[in-house]
Student: 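Dropping a structure here in structure tokens format, bear with me for questions.
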There are 2 protein chains.
Amino acid sequence: MSQLPKQPAEVSVPTSADVARLAGVSRATVSYVLNNNATVRISEPTRHRVREAATQLGYVPHAAARSLRAGHSRLVLLPSGHIPAGPLHQHFFQELQAGLRRLDYTVVQYGSAGLADDEAVRAWAELRPVAVVVPPGITLTPHGTEILTRSGAKAVITLGPEPVAGAHGLVMDQRQVGASAVGHLLVRGRRRIGVVMPREAGLTPFSEPRLAGARQTAEPAGAHISPLPLHYEEESAAELAHRWPELGLDAVFAYNDEYAMLLMRALQDAGVAIPGDTAVVGADDLLLGRLLRPRLSTVRMELAMPDPLAETIDRLVHHPGTAPVHHDLLRTSAVHRESS
Amino acid sequence: MSQLPKQPAEVSVPTSADVARLAGVSRATVSYVLNNNATVRISEPTRHRVREAATQLGYVPHAAARSLRAGHSRLVLLPSGHIPAGPLHQHFFQELQAGLRRLDYTVVQYGSAGLADDEAVRAWAELRPVAVVVPPGITLTPHGTEILTRSGAKAVITLGPEPVAGAHGLVMDQRQVGASAVGHLLVRGRRRIGVVMPREAGLTPFSEPRLAGARQTAEPAGAHISPLPLHYEEESAAELAHRWPELGLDAVFAYNDEYAMLLMRALQDAGVAIPGDTAVVGADDLLLGRLLRPRLSTVRMELAMPDPLAETIDRLVHHPGTAPVHHDLLRTSAVHRESS
DNA sequence: TTGAAAGCGGTACCAT
DNA sequence: ATGGTACCGCTTTCAA
């Protein structure tokens with residue numbers, strides 16, 4: 001059983017020609033058998049000999065050669081950025097990936113951190129993906145879209161907050177998050193609202209739109225929004241809590257539950273009553289937020305239809321002519337607990 | 001400026017032949033120029049014309065064709081499983097990826113969730129990666145290793161708790177985590193120690209070794225270990241906390257900080273004094289654990305040398321003969337706060 | 001039922 | 001300083 005072959009380093013990779021030779025047939029026949037080609041009839045004994053030879057050699061077809069010949073790949077590229085992917089996204093991609101694999105696509109994540117926009121796009125294009133799904137936090141320019149389509153991508157899909165010219169946009173409008181949070185706070189009578197802006201790099205693509213959404217919602221109600229830069233560190237939170245009185249805020253939307261928990265603890269330590277003096281709202285509906293006292297109010301987010309998305313991609317691949325689709329994936333709702 | 005070309009759907013992808021035609025040279029020359037081939041001298045005007053033509057057509061080389069010809073790729077494959085990747089791993093991979101890219105490798109994550117072991121391995125092998133880095137939680141059999149090396153992989157590296165025959169093992173021995181936690185508890189005089197076992201699927205590759213490490217450390221000290229199955233849900237924790245008195249434990253290692261926070265809250269709500277009645281230790285050293293009262297004791301984990309790992313891989317690629325390396329990446333240390 | 005051969009997009013040797 | 005061309009591994013007509 002699989003005793004490691006201590007060959008002199010240079011083990012040559014078996015090709016379909018090797019299989020053919022061993023089975024005593026032509027490469028064509030090997031291809032027919034291994035791909036179960038229905039348009040051609042191969043005798044059972046031959047099929048058997050070919051299969052036998054293949055497993056004996058440990059033959060694995062060469063994807064590059066195959067798709068080179070075919071003129072197209074079934075590769076779906078999923079660039080990933082520097083953003084620490086939260087459980088929500090991870091789950092979403094997991095589903096998407098499963099759905100695409102069911103449709104017989106090869107899904108691959110390509111880490112693009114540290115590449116300039118167009119470098120990254122070129123790198124993706126070299127792989128000749130049939131579809132590219134760009135998550136929020138990675139910027140795709142119209143020019144980038146063009147490079148991709150010109151290199152054969154049938155579907156280019158952005159998940160960012162803004163539709164990109166030429167690409168199909170499945171929008172995740174982060175503004176909704178800010179809007180839900182602030183809406184909730186307004187209903188509960190708050191008017192002077194802080195919005196935490198994480199200082200951590202890479203989060204701006206999320207925090208800026210959330211702030212914008214907060215502003216849009218606050219304005220008509222005559223409420224006031226103050227951005228509050230914050231590091232994800234105890235000292236930073238303590239410092240912010242320290243000057244809380246002079247800020248004169250009666251509520252804060254803390255970007256997400258983690259920043260909310262951090263800030264809430266600091267505020268409590270500084271003697272600020274929650275929700276008495278200041279209401280606190282997070283986002284993500286983490287389990288941990290429910291363990292705090294008071295329990296953390298939050299904005300719950302759901303990503304609709306990862307699976308239909310797989311089918312949408314499949315449709316786009318087959319009918320590339322289609323006009324860009326724009327869809328909103330994000331569903332948000334405020335969850336009232338005790339901190340607001 | 002990049003007005004979207006509303007072509008009748010079938011835009012043909014430009015090849016090096018197209019570039020050659022437009023520049024009025026041969027394909028060979030195009031290759032020389034675009035790859036800055038030093039072994040051949042091309043006149044400046046020609047170089048210019050070629051570059052001009054390439055950009056004008058939006059030419060991007062075809063990676064598959066290139067590596068088919070070259071006989072090898074520079075692809076490093078990084079299978080990813082169903083396990084919710086924590087920040088520690090994400091950071092580690094980020095670094096590894098950056099390091100490898102600096103060495104001019106193409107790094108790609110391949111989601112293998114829902115594939116049987118050998119299906120997955122075949123799928124990887126089809127891509128003819130030059131190296132494969134298998135994270136913990138994904139099982140690689142010796143047979144799988146053989147398939148990969150036979151298909152041309154020069155370096156197969158496992159990050160799991162157990163070295164795999166034939167592969168280079170960069171071990172992350174999760175037992176250390178349990179050992180550190182229990183060691184800490186023993187020093188503080190605890191003897192009847194519970195170990196939380198998450199019921200969530202996919203965590204067993206981590207939880208089992210941690211339990212084993214706990215047992216190994218407890219035994220010589222005459223301490224007793226009780227596994228405690230727990231769902232990551234408030235009800236499950238409450239239920240466990242409810243029968244805490246009858247368990248007669250004076251300490252618990254809660255798998256990680258998240259489970260620890262969950263359990264600690266439930267215990268407090270059930271009237272169990274922490275650390276008076278029961279000491280609690282988590283793992284991961286999350287910031288959030290420091291916000292609890294009492295502050296959560298934890299096991300800090302560090303993944304040594306992601307960057308040297310990139311260079312190790314590079315070396316392995318160049319000198320494949322090398323005997324399997326086995327190395328321990330994980331550094332753990334207990335951090336005493338207030339919950340123990 | 002099977003085989004011979006062309007060709008996918010690049011690269012690199014050998015001529016010119 | 002350039003061009004012609006064989007070849008990488010695989011699929012797919014077309015012939016036999």
Side-chain angles (χ1 to χ4, degrees), chain A residues 12-50 53-54 57-75 122 125-130 150-152, chain B residues 12-51 53-54 57-75 125-130 150-152:
Chain A
S12 68
V13 184
T15 74
S16 80
D18 296 320
V19 177
R21 197 158 7 206
L22 182 57
V25 299
S26 74
R27 287 158 61 218
T29 308
V30 172
S31 176
Y32 294 143
V33 173
L34 264 32
N35 296 317
N36 290 312
N37 191 323
T39 71
V40 75
R41 307 201 55 76
I42 306 279
S43 70
E44 201 45 57
T46 308
R47 308 183 88 88
H48 189 74
R49 290 212 323 283
V50 170
L57 293 175
Y59 170 72
V60 176
H62 193 309
R66 187 199 298 253
S67 62
L68 181 57
R69 166 66 222 223
H72 59 260
S73 72
R74 289 190 70 77
L75 181 71
R122 277 183 61 93
E126 290 194 0
L127 300 178
R128 295 288 191 273
V130 68
R150 273 185 111 76
S151 79
Chain B
S12 67
V13 184
T15 74
S16 81
D18 296 320
V19 177
R21 198 157 8 211
L22 182 57
V25 297
S26 74
R27 292 181 332 145
T29 307
V30 171
S31 176
Y32 295 144
V33 172
L34 264 32
N35 296 315
N36 288 312
N37 191 323
T39 71
V40 75
R41 306 201 53 77
I42 305 281
S43 70
E44 202 42 60
T46 308
R47 309 182 88 88
H48 189 74
R49 291 213 321 282
V50 170
R51 296 226 172 79
L57 293 176
Y59 170 72
V60 177
H62 194 308
R66 191 202 297 263
S67 62
L68 180 58
R69 167 66 223 218
H72 59 260
S73 72
R74 289 191 69 78
L75 181 71
E126 290 193 0
L127 300 178
R128 294 290 190 275
V130 68
R150 275 185 110 75
S151 79

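Each chain gets a letter, A, B and so on, in the order the sequences are listed, and its residues count up from 1. Quick caveat, the model's predicted, so the values are computed rather than measured.
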Student: A:Val30 near the nucleic acid: base, sugar-phosphate alone, or nothing, with a heavy-atom cut-off under 4.0 Å?
Tutor: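 No contact.
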
Student: Using a cut-off of less than 4.0 Å, is there contact between a side-chain N or O of B:Tyr59 and OP1 or OP2 of C:dG10?
Tutor: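 Checking B:Tyr59 against C:dG10: at least one side-chain N or O falls below 4.0 Å of OP1 or OP2.
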
Student: Could you tell me whether the phosphate oxygens of C:dA12, OP1 or OP2, come under 4.0 Å of any side-chain nitrogen or oxygen in B:Ser31?
Tutor: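 No.
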
Student: Can you find a side chain N or O atom of B:Arg21 that sits less than 4.0 Å from OP1 or OP2 on D:dG3?
Tutor: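 It does not, given that no N or O in the side chain of B:Arg21 lies less than 4.0 Å from OP1 or OP2 of D:dG3.
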
Student: Going by heavy atoms in the side chains, are B:His62 and A:Leu68 under 4.5 Å from each other?
Tutor: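 Heavy-atom side-chain distance check passes, below 4.5 Å.
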
Student: Find the distance A:His62:NE2 to D:dC7:P and express it as a whole number of Å.
Tutor: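 Rounding to the nearest Å, NE2 of A:His62 and P of D:dC7 are 18 Å apart.
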
Student: Which part of the nucleic acid, if any, lies within contact of B:Arg66, taking any heavy atom under 4.0 Å across all strands shown: a base, the sugar-phosphate backbone alone, or nothing?
Tutor: sugar-phosphate

Student: Any side-chain N or O of A:Thr15 less than 4.0 Å from the OP1 or OP2 oxygen of D:dC8?
Tutor: no

Student: At 4.0 Å (heavy atoms only), tell me whether A:Thr46 reaches a base, stays on the sugar-phosphate, or touches nothing.
Tutor: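 Sugar-phosphate contact only.
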
Student: If you compare every side-chain N and O of B:Ser16 against the phosphate oxygens of C:dG10 (OP1, OP2), does one of them come in below 4.0 Å?
Tutor: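 For C:dG10, OP1/OP2 do have a side-chain N/O of B:Ser16 under 4.0 Å.
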
Student: Keeping the roles fixed (side chain from B:Arg47, backbone from B:Val33), state whether a donor-acceptor pair exists under 3.5 Å.
Tutor: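 No; judged by distance alone, with no hydrogens or angles, the pair does not exist.
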
Student: Hey, which of these two, A:Ala28 or B:Arg47, hits DNA chain D nearer its 5' end, going by closest nucleotide?
Tutor: B:Arg47

Student: Quick check on DNA chain D: between A:Asn35 and B:Ile42, whose nearest nucleotide comes earlier from the 5' end?
Tutor: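 First, find each residue's nearest nucleotide; the 5'-ward one identifies B:Ile42.
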
Student: Can you tell me if B:Thr29 touches the phosphate of D:dG3, counting only side-chain N or O atoms and a distance under 4.0 Å to OP1 or OP2?
Tutor: yes

Student: Please report, rounded to the nearest Å, how far the P atom of D:dG9 is from the NE2 atom of B:His72.
Tutor: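 Answer to the nearest Å: 13 Å.
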
Student: Provide, to the nearest angstrom, the distance between the CG atom belonging to A:Leu34 and the C1' atom belonging to D:dT11.
Tutor: 12 Å

Student: Quick check: do A:Arg122 and B:Pro61 have side-chain heavy atoms less than 4.5 Å from each other?
Tutor: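 Counting from C-beta outward, A:Arg122 and B:Pro61 do come under 4.5 Å.
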
Student: Specify the separation, in whole Å, of atom CG of A:Leu68 and atom C1' of D:dT11.
Tutor: 11 Å

Student: D:dT12 base to A:Arg69 side chain: any donor-acceptor pair below 3.5 Å?
Tutor: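 Answer no: no donor N or O sits under 3.5 Å from an acceptor.
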
Student: Between B:Glu44 (CD) and D:dT2 (C1'), how many Å, whole number?
Tutor: 15 Å

Student: Can you figure out which of C:dG3, C:dT2, C:dC14 approaches the side chain of A:Ser43 most closely?
Tutor: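 For the A:Ser43 side chain, the nearest candidate turns out to be C:dT2.
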
Student: Do the side chain of A:Arg49 and the main chain of A:Ala23 share a donor and acceptor less than 3.5 angstrom apart?
Tutor: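 Side chain of A:Arg49 to backbone of A:Ala23, a donor-acceptor pair under 3.5 Å: yes, one is there.
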
Student: Can you check the A:Tyr32 OH to C:dA5 C1' distance for me, whole Å?
Tutor: 11 Å

Student: Taking the side chain as C-beta and beyond, is there a heavy-atom pair between B:Val60 and A:Arg128 under 4.5 Å?
Tutor: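 In contact.
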
Student: Starting from P on C:dA4, measure out to CZ on A:Arg27 and report it in whole angstrom.
Tutor: 11 Å

Student: Could you tell me whether the phosphate oxygens of D:dT11, OP1 or OP2, come under 4.0 Å of any side-chain nitrogen or oxygen in A:Asn37?
Tutor: no

Student: Please report the interatomic distance OG(B:Ser73) to CZ(B:Arg66), rounded to the nearest 0.5 Å.
Tutor: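 Answer rounded to 0.5 Å: 12.0 Å.
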
